[in-house]
Amino acid sequence: MFRKLFRFFKPAPAPVVYTEEDRRIGLQKILSAVRAPLPTERELKMVEIVVLKYKDPEVETKCAVDVINNTEWPYKLVFYDNRPGTKNFSKIWNKLIRESTCDYVLVMDSDIFVPKLSPDWLTRMMRTFDDFSDCWVVVPRVNRTSCSQQWAQVAEEKQPTELTEPFAAQCVLYKKTVFEHVGYFDEEFLFYGQDSEWSHRAMKKGCTTYIRHDVLMDHGKHTSIGKAAKKGEFDRQLEGEYAQKLFEEKTRTV
């Protein structure tokens, strides 16, 4: 008890004694900081990270904590609460992308867990735009995904390569202007398929996507969907069949 009281009442450290010159220089630094303009998202090349949350706080918290702990590149994290909303991901993604104030938008599942790297995962992905002038979209490797080119169990230190097959948006970094060339996500899809259909459209329009082999994401594989399906809020089979049929119709070569 006495030790605790002693720590609580421990005297404050003695104030620093400044020379007149040190004080003048220090105050100049303070005034410079006060008067400095706020840098814009464009100047910072800030990335808006968009995550939809849905009734899975434990997983969603880990997703957010990993982003906060493991990201050095400037970012804005938007956790959009979709519980009272809609299962139509296209409508939500389109709304949030249009509202973004950043030139780069990253759409990420709430059960994607970003790795701790140096340089960090987002810095590596953003550098791809500088290294490849034809780059519009960047994806990492993912340990659970439907895209065979993206699938991996370990990261590899090698140069990014072009993606040549449709991909799912488990974690995708977009240059925002790409939506002016390709269009937004097709809102006829509900939960599945819109990301793959969009990537098919992007490839047809010549908007190149690159894979970062040195960034591997841990994907929880539809954690929220599984819980929602058990509660009868989501019909995996019928919604999957609907998406597959619509995808085939949309991508059929005439």
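Predicted, not measured: the structure shown is a model, and the values here were computed from it.
Between D130 and K45, at least one side-chain N (NZ, or NE/NH1/NH2) sits under 4.0 Å from a carboxylate O, which counts as a salt bridge. Taking a cutoff of 4.0 Å between a charged side-chain nitrogen and a carboxylate oxygen, E249 and K245 qualify as a salt bridge. Taking the charged nitrogens against the carboxylate oxygens, D103 and K176 have no contact shorter than 4.0 Å, which rules out a salt bridge. With respect to K62 and E58, no salt bridge is recorded, no charged nitrogen being found less than 4.0 Å from a carboxylate O.
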**OP:** Go through T128 and D131 one step at a time and tell me if the side-chain hydrogen bond (donor to acceptor under 3.5 Å, both in side chains) criterion holds.
**Re:** CA-CA 5 Å; T128 316; D131 294 340; 5.9 Å; no
Original post:
Where do V107 and Y174 land on the side-chain contact (heavy atoms from CB on, under 4.5 Å) test, with the steps shown first?
Top reply: CA-CA 8 Å; V107 173; Y174 303 92; 4.0 Å; yes
Subject >> Working for side-chain contact (heavy atoms from CB on, under 4.5 Å), residues V182 and W198 >> reply: CA-CA 8 Å; V182 178; W198 185 93; 3.5 Å; yes
**OP:** In sequence, state the C-alpha distance, the side-chain angles, and the governing distance for F179 and W93, and then conclude on ring pair (Phe, Tyr, Trp, His ring centres under 6.0 Å).
**Re:** CA-CA 12 Å; F179 294 97; W93 285 342; 10.0 Å; no
**OP:** Using the salt bridge (Lys or Arg N to Asp or Glu O under 4.0 Å) rule, take R42 and E48 through it: C-alpha gap first, then chi angles, then the decisive distance, then the call.
**Re:** CA-CA 11 Å; R42 175 161 294 174; E48 186 150 329; over 6 Å; no
Subject >> Check against side-chain contact (heavy atoms from CB on, under 4.5 Å), C207 and V178 >> reply: CA-CA 7 Å; C207 294; V178 74; 4.0 Å; yes
**OP:** Dump the intermediate steps for side-chain contact (heavy atoms from CB on, under 4.5 Å) on Y80 and K95, then the final yes or no.
**Re:** CA-CA 11 Å; Y80 188 85; K95 164 188 164 63; 3.6 Å; yes
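Residues passing the salt bridge (charged side-chain N to carboxylate O under 4.0 Å, His left out) test with D134: none are found, sequence neighbours excluded. Residues passing the side chain to side chain donor-acceptor pair (under 3.5 Å) test with K205, sequence neighbours excluded: none. E20 meets the side chain to side chain donor-acceptor pair (under 3.5 Å) test with no other residue; sequence neighbours excluded. Every residue two or more places apart in sequence or in another chain that forms a side chain to side chain donor-acceptor pair (under 3.5 Å) with E21 is listed here: R24.
In this structure the side chain of L122 reaches within 4.5 angstrom of the side chain of Y75, judged on heavy atoms. In this structure, the side chains of Q149 and I211 come closer than 4.5 Å at one or more pairs of heavy atoms. In this structure, I92 and L52 have side chains that are in contact, with non-hydrogen atoms separated by less than 4.5 Å. Looking at heavy atoms from C-beta onward, W121 lies out of side-chain contact with R124 at the 4.5 angstrom threshold. V114 places none of its side-chain heavy atoms less than 4.5 Å from the side chain of C63. Inter-residue side-chain proximity for M108 and I49 is flagged as met; some heavy-atom pair is nearer than 4.5 Å. Counting heavy atoms from C-beta outward, V139 and L163 have side chains that approach closer than 4.5 Å. Residues F247 and S196 are in side-chain contact: their nearest non-hydrogen atoms beyond the backbone lie under 4.5 Å apart.
V51 and L106 end up in the same hydrophobic cluster when Ile, Leu, Val, Met, Phe, Trp and Tyr side chains are linked at under 4.5 Å. Transitive grouping of hydrophobic side chains (ILVMFWY, heavy atoms separated by less than 4.5 Å) keeps V142 and F113 in distinct clusters. The hydrophobic cluster containing V105 does not contain M126, counting ILVMFWY residues as joined when their side-chain heavy atoms lie under 4.5 angstrom apart, directly or transitively. Note on L117: it clusters hydrophobically with V47, by side-chain heavy-atom contacts below 4.5 Å among ILVMFWY residues. Cluster annotation: W73 is connected to M217 through the hydrophobic network of ILVMFWY side chains, with a link wherever side-chain heavy atoms come within less than 4.5 Å.
Note that the CD atom of Q194 and the CG atom of L246 stand 10.0 Å from one another [nearest 0.5 Å]. Rounding to the nearest 0.5 angstrom, the gap separating the CD atom in E157 from the CG atom in D214 is 5.0 Å. With rounding to the nearest 0.5 Å, the separation of CG in D111 from SG in C171 is 11.0 Å. To the nearest 0.5 angstrom, E162 atom CD is 10.0 Å from F132 atom CZ. The NE2 atom of H213 sits 7.0 Å away from atom CD of E156, with the distance rounded to the nearest 0.5 Å.
Ring-plane geometry between F129 and Y104 is classed as tilted, the angle between the planes lying from 30 to 60 degrees on a 0 to 90 degree scale.
If you check the side chains of T101 and K76, you find a donor sitting under 3.5 Å from an acceptor. For the residue pair E197 / T251, no side-chain donor-acceptor distance below 3.5 Å is found, with atom types taken as modelled. Under 3.5 Å, the side chains of Q170 and T145 contain a donor-acceptor pair of N or O atoms. Between the side chains of E72 and T123, no donor-acceptor pair is found at a separation under 3.5 Å. No donor-acceptor contact under 3.5 angstrom links the side chains of T209 and W136, judged on distance only.
Aromatic ring centroids of F167 and W151 lie 6.0 Å or more apart.
Listed here is the closest heavy atom pair of P140 and Q150: O-NE2, 3.0 Å. Counting all heavy atoms, side chain and backbone alike, C135 lies closest to K175 at O-NZ, 3.5 Å.
Pairs of residues two or more places apart, or lying in two chains, never qualify as ring-ring contact (aromatic ring centres under 6.0 Å, His included) while including a residue from residues 28-49.
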Residues 183-191, side-chain donor-acceptor partners within the protein, below 3.5 Å, at least two apart:
residue	atom	partner	partner atom	Å
D186	OD1	E188	N	2.9
D186	OD2	K250	NZ	2.8
E187	OE2	N94	ND2	3.0
E188	OE2	K250	NZ	3.0

